[in-house]
Amino acid sequence: MCPDFNEANMPLHKWATNSAELRELWEKKGFSTETSSNSIGQNMINYKVLGISWDTDRDVFYFDIESLLSFISKRTDTKKVLLQVAGRIFEPLGFIAPYVIRLKILIQNIWEMGFLWDQEMPLNIKKPFNEWCHELKDLHLVSIPRFYDFTDSNAMNIQLHCFSDSSKKPTEL
């Protein structure tokens, strides 16, 4: 499969695709493909990729917020709960950063006020937090296409760059 990873004793697993043909080929070649109980179509499956749900049927990333909504429904308005809500959001790609930053600003404000962990939030924090929680139910409407097709564009050259921590200069892939 991937000799470099196997030599490092880190075998890759959890292969996923939205192509039935590719999935069948992988299974013939011995790759482990997983199925999920939260299927949305006949053969299509939802997966988590870097903390974001992937709808294989529509081929988009989306945000599964059910567990967060459940947690928020039982909340108390304290500094501790504010931090717990923020800690339950894992979205390293920053697709919903404008939404999440509002929560982080509230955390910063309540921290600067010197409130204790279990002390009730003041109204000037509670009100925007309640608005944020109310808007959370609409976050599932955000979807990001997984694949961008550049074949129809007039682009002459497409490049992907990454930055190494040591040099901070782009490296062409």
Side-chain angles (χ1 to χ4, degrees), residues 5 8-18 32-41 44-148 160-171 173:
F5 285 101
N9 203 19
M10 298 185 313
L12 296 178
H13 60 287
K14 294 187 179 181
W15 296 93
T17 180
N18 58 353
S32 172
T33 58
E34 291 195 3
T35 57
S36 174
S37 60
N38 58 345
S39 292
I40 57 172
M44 299 304 158
I45 301 160
N46 286 356
Y47 293 98
K48 286 277 193 171
V49 179
L50 292 175
I52 303 171
S53 296
W54 174 31
D55 178 339
T56 58
D57 195 23
R58 297 182 307 142
D59 204 12
V60 296
F61 293 122
Y62 70 98
F63 301 94
D64 184 2
I65 50 150
E66 291 305 314
S67 66
L68 189 54
L69 285 173
S70 175
F71 178 77
I72 285 177
S73 71
K74 302 170 195 152
R75 77 179 195 269
T76 56
D77 291 331
T78 63
K79 175 180 171 180
K80 182 196 293 185
V81 169
L82 201 60
L83 290 168
Q84 287 174 328
V85 169
R88 290 175 179 264
I89 300 171
F90 179 71
E91 199 276 295
L93 299 176
F95 290 130
I96 57 171
Y99 181 72
V100 175
I101 195 71
R102 292 173 41 215
L103 181 64
K104 292 181 178 184
I105 290 170
L106 293 176
I107 291 170
Q108 181 180 17
N109 290 343
I110 200 166
W111 203 277
E112 288 173 347
M113 292 176 186
F115 277 76
L116 301 175
W117 291 108
D118 291 319
Q119 191 175 354
E120 189 170 336
M121 295 179 208
L123 190 59
N124 64 334
I125 300 290
K126 190 185 294 189
K127 185 178 180 208
F129 181 55
N130 286 335
E131 290 170 5
W132 187 92
C133 291
H134 180 71
E135 293 169 9
L136 179 65
K137 68 178 176 24
D138 294 329
L139 199 56
H140 76 281
L141 299 173
V142 175
S143 65
I144 297 97
R146 183 196 59 85
F147 176 71
Y148 290 92
L160 178 64
H161 295 271
C162 66
F163 290 89
S164 113
D165 288 337
S166 59
S167 70
K168 296 292 183 195
K169 294 180 183 176
T171 306
L173 297 177

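Just the heavy atoms: all of them, side chains too, but no hydrogens, waters or symmetry mates, feed the values below.
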For residues 104-112, which side-chain N or O atoms pair as donor and acceptor with protein atoms under 3.5 Å away, sequence neighbours left out?
| unit_1 | atom_1 | unit_2 | atom_2 | d |
| --- | --- | --- | --- | --- |
| Asn109 | ND2 | Ile105 | O | 3.4 |

What side-chain donor-acceptor pairs closer than 3.5 Å can you find for residues 76-95, not counting sequence neighbours?
| unit_1 | atom_1 | unit_2 | atom_2 | d |
| --- | --- | --- | --- | --- |
| Asp77 | OD1 | Arg75 | NE | 2.9 |
| Thr78 | OG1 | Val81 | N | 3.3 |
| Lys79 | NZ | Phe115 | O | 3.0 |
| Lys80 | NZ | Asp118 | OD1 | 3.3 |
| Glu91 | OE1 | Gly94 | N | 3.2 |
| Glu91 | OE1 | Phe95 | N | 2.8 |
| Glu91 | OE1 | Ile96 | N | 3.0 |
| Glu91 | OE2 | Leu93 | N | 3.3 |
| Glu91 | OE2 | Gly94 | N | 2.9 |
| Glu91 | OE2 | Phe95 | N | 3.0 |

Requested in this report: Could you check Tyr62 against Ile52 for side-chain contact (heavy atoms from CB on, under 4.5 Å), going step by step and ending with a plain yes or no?
Outcome: CA-CA 6 Å; Tyr62 70 98; Ile52 303 171; 5.9 Å; no

Report task. Let me see the working for Val142 and Phe61 under side-chain contact (heavy atoms from CB on, under 4.5 Å), right down to the final yes or no. Result -> CA-CA 8 Å; Val142 175; Phe61 293 122; over 6 Å; no

Query - Pair Asn18-Tyr47, side-chain contact (heavy atoms from CB on, under 4.5 Å): steps then yes or no - result: CA-CA 10 Å; Asn18 58 353; Tyr47 293 98; over 6 Å; no

Query raised in the report: Could you state the interatomic distance from CG (Leu68) to OG (Ser73), rounded to the nearest 0.5 Å?
Result: 10.0 Å

Query raised in the report: About how many Å separate CG of Asn130 and CD1 of Ile125, when rounded to the nearest 0.5 Å?
Result: 11.5 Å

Query raised in the report: Any side chain to side chain donor-acceptor pair (under 3.5 Å) pairs touching residues 131-145, not counting sequence neighbours?
Result: Arg102-Glu135

Query raised in the report: Hey, mind stepping through Trp54 and Asp59 against side-chain contact (heavy atoms from CB on, under 4.5 Å) and telling me if it holds?
Result: CA-CA 7 Å; Trp54 174 31; Asp59 204 12; 3.0 Å; yes

Query raised in the report: Does Lys127 NZ have over 12 foreign heavy atoms under 6.0 Å away?
Result: no

Query - Nearest heavy atoms of Pro98 and Ile101, plus distance in Å - result: O-CG2, 3.2 Å

